[in-house]
S.K.: 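There's a structure below that I have some questions on.
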Amino acid sequence: MNKPKARWFYDLLTNVSEQFPNKVSFRKRAKDSKDFPGFTFLDLKTRVDELTAGLIAEGVSIGDRITYLCDATPHWIQADLAIITTGAVSVPRGTDVVDEDIIYIISHSESRFAIVQTSVEKERLLKLKDKNFPFLEKIFIMEVEKAVDLAQTEDSIEILREKGRKYLISNPNAVKDRLNQTNPDALATLIYTSGTTGSPKGVMLSQTGWITGITSVIDRLSLNANDRGVSLLPPWHAFERAVEYAILALGIEFTVSNMGSLKEDLKDFKPTIFPSVPRIWESVYSGILGKISKAGGFKEKLFKFCLAVGVFWSKQKAILFDYDPKIFKLNFFISLIRRKLAFVLLVLISPLKLIAVLVFMPIHKALGGSLRISISAGSALPSIVDTFLSAIGIKVLEGYGMTETSAVVSIRAIEKPTKLTVGIPITGYDVKIKDDNNNDVTSTGKKGTLWVRSNQILKGYYKRPELNDKVFDKEGFFDTGDIMMINYRGELMFAGRAKDTIALAGGENVEPIPIEDKLHESPYIDQVMVVGHDKKTLGALIVPNFENVKSQIPSSPSDTKLWNDDKEIRNLFKKEITSLVSKHNGFKNFEQIPGNCFYLAAQQFNPDTEMTRTLKMKRNVIQENYQKQIDNMYK
């Protein structure tokens, strides 16, 4: 197994260019074609060398901040590596960032230079520059507008690369000399978190942190150079950056996708690994069930029967190999009896399992037919989706991390992917749970806030000493703000976000995520956000699965704005809410939602304004946008 032995990102690039000089990666589907052109690793190194030299020739100094506005593209990695190799600090963000945030980011980071994806972003920055960040000296563009082709204009990085090529002729050791002047433990990138609440915070991360993290993940997942990857996540996001650095470390073939081409890219590129976010898998789950429901008849009955077989098989297999979700360890004899029974049941049901494999085969072919694992991160994976994917034979390894931890803290093991957990922390992490009184929790299965310590976590928040004092304790542990518990195996079990806790008027504190997770089991609910701060009871904002509701109630109004007042539709959702979030399913009285305390939205939450780039809900924004409807729920 290949393993990145490196101190700098540049070491990863050098190693892979020597080991796989002619292997093509960082690809993207050509327009109207099944071809995926990209760059050989040797070509990638040459380009990074020349671009690094060009930046040095342009006057970039160690420690300079360079704002980098770019969305998913196979060219993203080149400029990111070049910036960091010069000793400058990469300050990345997507092109959809609002003016208020980009003004804050450039001003707060005091960026001397900027690299943007197209001339559109350059024009935008120029309009804002004089009034808001006059110290920004130069703006370079990467690509031609509405194309993946590299721009060739005077202000492009291609011309900058040409300048670097000439500089290297007279200064052949320029890149190596600059690298030797830098420290891999120093600030390498400044990621301003978009987050779900509040102003952006500049997370300070080093190359050492990233390399430590990807090394441990490569070991945990047994990733290797023969893997092939597809991703559509924003490259400036910590999760995707970890993916791309791991691709670089191992020499994996990789293609950049998007929502418009993902279905075809999976089918044609045939990936073995697919890093994604829960919302993508929720769409897969809803899409498959919706298609089967439309087919109806024998086909629907057969699929549901095979699905039940798959659920039973995956449950018994987990028991047999001792990775079924448990908080506490069972008595040895009870565990032994359960495992022997599971073995017998698996043998008995194996003929039906073979039938299920054949029924689910078209789904696997649609995903390329070679998918070995998918990594789900960015937010919690709903348990119903997790169960469904396991049942149809797709191994999804849910991980946990955040920007502040160089993307990863833990991930399920590939051999024993325990459901309802996010795995054991990767090598190099110390973790502890603290209760509401800031006391360490030592009891297995008791909830509290997760604190972590590792050399891969943030160096701090940029220019925010008062905040750093709050999030780090005296022992160097960082407060993640996430509510967790740890089972007897040492696996983390996500229970919610401390800042998302709903405080009811009666003083009860409620975590919304478990309730939302349960409501996602309804085929009629696409998105849901539980509300109720300072109210007597909880309520819910619900985005219906419009197709499934129409199938169930053919007389549904064509205008979805009328659904919230439609008696028959509301009765359908009342039944779903009260049956799912009930005492029978383990919910306390104050965790239940009164039958009529919900609002049916007429459209999905806006992906640009109400969701983050990893498709997590911006609760504060949604709350503000629907405040009138929420207030009416409680009248």
S.K.: Should Lys432 and Asp473 count as an ion pair when the cut-off is N to O under 4.0 Å?
M.R.: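 Looking at Asp473 together with Lys432, the answer is yes, because their closest N to O distance falls below 4.0 Å.
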S.K.: Regarding Thr272 and Asp227, do their side chains bring together a donor and an acceptor under 3.5 Å, going by distance alone?
M.R.: yes
S.K.: Which pair of heavy atoms, one from Ser109 and one from Tyr192, lies closest together, and at what distance?
M.R.: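 Smallest heavy-atom distance, with atoms named: N-OH, 3.5 Å.
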S.K.: Quick one, Thr405 and Tyr429 - any side-chain contact, counting heavy atoms below 4.5 Å?
M.R.: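 They are in side-chain contact.
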S.K.: Is there a donor-acceptor pair closer than 3.5 Å between any side-chain N or O of Asn132 and the backbone N or O of Leu128?
M.R.: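 The answer is yes, because a donor-acceptor pair under 3.5 Å joins these two groups.
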S.K.: So do His108 and Lys201 actually touch side chain to side chain, heavy atoms under 4.5 Å?
M.R.: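 With C-beta onward as the side chain, the pair stays apart.
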S.K.: When rounded to the nearest 0.5 angstrom, what distance separates CZ in Arg412 from CD1 in Ile373?
M.R.: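 So the CZ of Arg412 and the CD1 of Ile373 are separated by 12.5 Å.
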S.K.: According to the interplanar angle, ranging from 0 to 90°, do the rings of Phe274 and Trp281 count as parallel (below 30°), tilted (30 to 60°) or perpendicular (above 60°)?
M.R.: perpendicular
S.K.: So does Glu264 pair up with Lys267, basic N to acidic O under 4.0 Å?
M.R.: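 The answer is no: the pair does not qualify as a salt bridge.
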S.K.: Hey, mind stepping through Thr46 and Phe39 against side chain to side chain contact (heavy atoms under 4.5 Å, CB included) and telling me if it holds?
M.R.: CA-CA 11 Å; Thr46 300; Phe39 300 93; over 6 Å; no
S.K.: Going by the side-chain contact (heavy atoms from CB on, under 4.5 Å) test, name the single residue among Ile105, Val91, Leu205 that passes it with Ile191.
M.R.: Leu205
S.K.: Testing the basics here: between Ile252 and Gly229, what is the closest heavy-atom pair and its distance to 0.1 Å?
M.R.: CG2-N, 4.0 Å
S.K.: State whether the side chain of Arg93 and the backbone N or O of His237 hold a donor-acceptor pair below 3.5 Å, judged by distance alone.
M.R.: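 Absent.
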S.K.: Any non-hydrogen side-chain atom of Asp430 less than 4.5 Å from a side-chain atom of Phe477?
M.R.: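 The answer is yes, as the side chains (C-beta and beyond) meet within the 4.5 Å cut-off.
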S.K.: Under a 4.0 Å N-O cut-off, is there an ion pair linking Arg220 with Glu415?
M.R.: no
S.K.: Minimum heavy-atom separation for Pro21 and Thr40, please, with both atom names.
M.R.: O-CB, 3.3 Å
S.K.: Does the side chain of Val144 come within less than 4.5 Å of Thr118's, by heavy atoms?
M.R.: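 No - every pair of side-chain heavy atoms lies 4.5 Å or more apart.
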S.K.: So, the side chain of Ser107 versus the backbone of Tyr104: is there a donor-acceptor pair under 3.5 Å, distance only?
M.R.: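 No, the answer is negative, given that no donor and acceptor are paired below the 3.5 Å cut-off.
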S.K.: State plainly whether the residues Lys618 and Glu610 are in salt-bridge range, i.e. N to O under 4.0 Å.
M.R.: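 Looking at Glu610 together with Lys618, the answer is no, because their closest N to O distance does not fall below 4.0 Å.
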S.K.: Step by step, work out the side chain to side chain contact (heavy atoms under 4.5 Å, CB included) result for Gln181 and Ile62.
M.R.: CA-CA 8 Å; Gln181 295 172 37; Ile62 294 174; 3.7 Å; yes
S.K.: Using side-chain contact (heavy atoms from CB on, under 4.5 Å) as the criterion, list what pairs up with Arg7, not counting sequence neighbours.
M.R.: Asp11, Pro184
S.K.: Which heavy-atom pair separates Pro235 from Ala72 by the least distance, and what is that distance?
M.R.: CD-N, 3.4 Å
S.K.: Is any side-chain heavy atom of Asp219 closer than 4.5 Å to a side-chain heavy atom of Ser216?
M.R.: no
S.K.: If you measure only the distance, is there a donor-acceptor pair under 3.5 Å linking the side chains of Glu50 and Tyr167?
M.R.: no
S.K.: Pick one: which of Phe239, Trp210, Trp8, Tyr10 meets ring-ring contact (aromatic ring centres under 6.0 Å, His included) with Tyr245?
M.R.: Trp210
S.K.: What are the two closest heavy atoms between Thr182 and Gly87, and how far apart are they?
M.R.: CG2-CA, 3.6 Å
S.K.: Is there a salt bridge (charged side-chain N to carboxylate O under 4.0 Å, His left out) between Glu158 and Lys163? Walk through the geometry before answering.
M.R.: CA-CA 9 Å; Glu158 280 298 276; Lys163 185 175 184 178; over 6 Å; no
S.K.: Determine whether the side chains of Asn258 and Ser261 contain a donor N or O and an acceptor N or O closer than 3.5 Å.
M.R.: yes
S.K.: If you draw a 6.0 Å radius around NZ in Lys395, do more than 12 non-hydrogen atoms from other residues or ligands fall strictly inside?
M.R.: yes
S.K.: Would you say that Asp80 contacts His75 through its side chain, given a criterion of any heavy-atom pair below 4.5 Å between the two side chains?
M.R.: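 No. Closest side-chain heavy atoms not under 4.5 Å.
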S.K.: Return the NZ to CG distance between Lys28 and Asp265, rounded to the nearest 0.5 Å.
M.R.: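 Nearest 0.5 Å value for the NZ-CG distance: 7.5 Å.
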S.K.: I'd like to check Phe9 versus Ile211 (side-chain heavy atoms, cut-off strictly below 4.5 Å). Are they in contact?
M.R.: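 They are in side-chain contact.
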S.K.: Just by distance, do the side chain of Arg178 and the backbone of Thr86 share a donor-acceptor pair under 3.5 Å?
M.R.: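 The answer is yes, because a donor-acceptor pair under 3.5 Å joins these two groups.
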S.K.: Under 3.5 Å, is there a donor-acceptor pair between the side chain of Lys129 and the main chain of Pro134?
M.R.: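 Checked: pair present.
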S.K.: Taking the side chain as every heavy atom from C-beta outward, state whether Ile375 and Ile273 have any pair of such atoms under 4.5 Å apart.
M.R.: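 Ile375 vs Ile273: side chains apart.
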S.K.: Please walk me through it: do Val277 and Leu233 pass side chain to side chain contact (heavy atoms under 4.5 Å, CB included)?
M.R.: CA-CA 8 Å; Val277 292; Leu233 303 174; 3.7 Å; yes
S.K.: Less than 4.0 Å between a side-chain N and a carboxylate O, is that true for Glu253 and Lys23?
M.R.: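 Looking at Lys23 and Glu253, the cut-off is not met.
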S.K.: Test Glu240 against Ser231 for side-chain hydrogen bond (donor to acceptor under 3.5 Å, both in side chains), laying out the working first.
M.R.: CA-CA 8 Å; Glu240 177 66 11; Ser231 180; 2.6 Å; yes
S.K.: Roughly how far, to the nearest 0.5 Å, is CD of Glu398 from CG of Leu389?
M.R.: 11.0 Å
S.K.: Inspect the contact between Glu58 and Lys138 and indicate whether a charged nitrogen and a carboxylate oxygen are less than 4.0 angstrom apart.
M.R.: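 Looking at Glu58 together with Lys138, the answer is yes, because their closest N to O distance falls below 4.0 Å.
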S.K.: Using a distance-only test with no angle check, is there a side-chain donor-acceptor pair under 3.5 angstrom linking Glu143 and Thr73?
M.R.: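 Thr73 and Glu143 do have a side-chain donor-acceptor pair below 3.5 Å.
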S.K.: Under the rule for side-chain contact (heavy atoms from CB on, under 4.5 Å), what residues qualify as partners of Thr480, not counting sequence neighbours?
M.R.: Tyr400, Met402, Leu450, Val452, Phe478, Asp482
S.K.: Within the supplied structure, the quantity of interest is the number of heavy atoms (other residues, nucleotides, ligands) at a distance under 6.0 Å from Glu466 CD; does it exceed 12?
M.R.: yes
S.K.: Give a yes or no on whether Lys176 atom NZ has more than 12 heavy-atom contacts from other residues, nucleotides or ligands under 6.0 Å away.
M.R.: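 It does not: Lys176 NZ has 12 such atoms or fewer within range.
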S.K.: Counting N and O atoms only, with roles assigned by atom type, does the side chain of Arg27 sit under 3.5 Å from a partner on the main chain of Pro74, one being a donor and the other an acceptor?
M.R.: no
S.K.: Distance to the ring centre below 6.0 angstrom and angle to the axis at most 45 degrees; does that hold for Arg228 and Phe269?
M.R.: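 Because its charged atom sits under 6.0 Å from the ring centre and within 45° of the axis, Arg228 does stack over Phe269.
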S.K.: Would you mind checking if Asp268 and Arg29 are paired as a salt bridge, meaning a charged N to carboxylate O distance below 4.0 Å?
M.R.: yes
S.K.: When rounded to the nearest 0.5 angstrom, what distance separates CZ in Phe36 from OG in Ser25?
M.R.: 12.5 Å
S.K.: What is the distance from atom CG of Leu69 to atom CD1 of Ile106, rounded to the nearest 0.5 Å?
M.R.: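 Answer rounded to 0.5 Å: 6.0 Å.
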S.K.: Roughly how far, to the nearest 0.5 Å, is the OG1 atom of Thr153 from the CD1 atom of Ile157?
M.R.: 10.5 Å
S.K.: Decide yes or no on side chain to side chain contact (heavy atoms under 4.5 Å, CB included) for Arg241 and Trp76, but give the supporting numbers first.
M.R.: CA-CA 10 Å; Arg241 289 183 85 174; Trp76 190 91; 3.4 Å; yes
S.K.: When you measure from the side chain of Ser156 to the backbone of Ile159, do you find a donor-acceptor pair of N or O atoms at a distance under 3.5 Å?
M.R.: yes
S.K.: Give the minimum heavy-atom separation between Ala249 and Ile214, together with the two atoms involved.
M.R.: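 Minimum heavy-atom separation between Ala249 and Ile214: CB-CD1, 4.1 Å.
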S.K.: Determine, for Asp185 against Lys459, whether the closest basic-nitrogen to carboxylate-oxygen distance falls under 4.0 angstrom.
M.R.: no
S.K.: Does any N or O in the side chain of Asn468 come within less than 3.5 Å of the main-chain N or O of Gly460, such that one atom is a donor and the other an acceptor?
M.R.: no
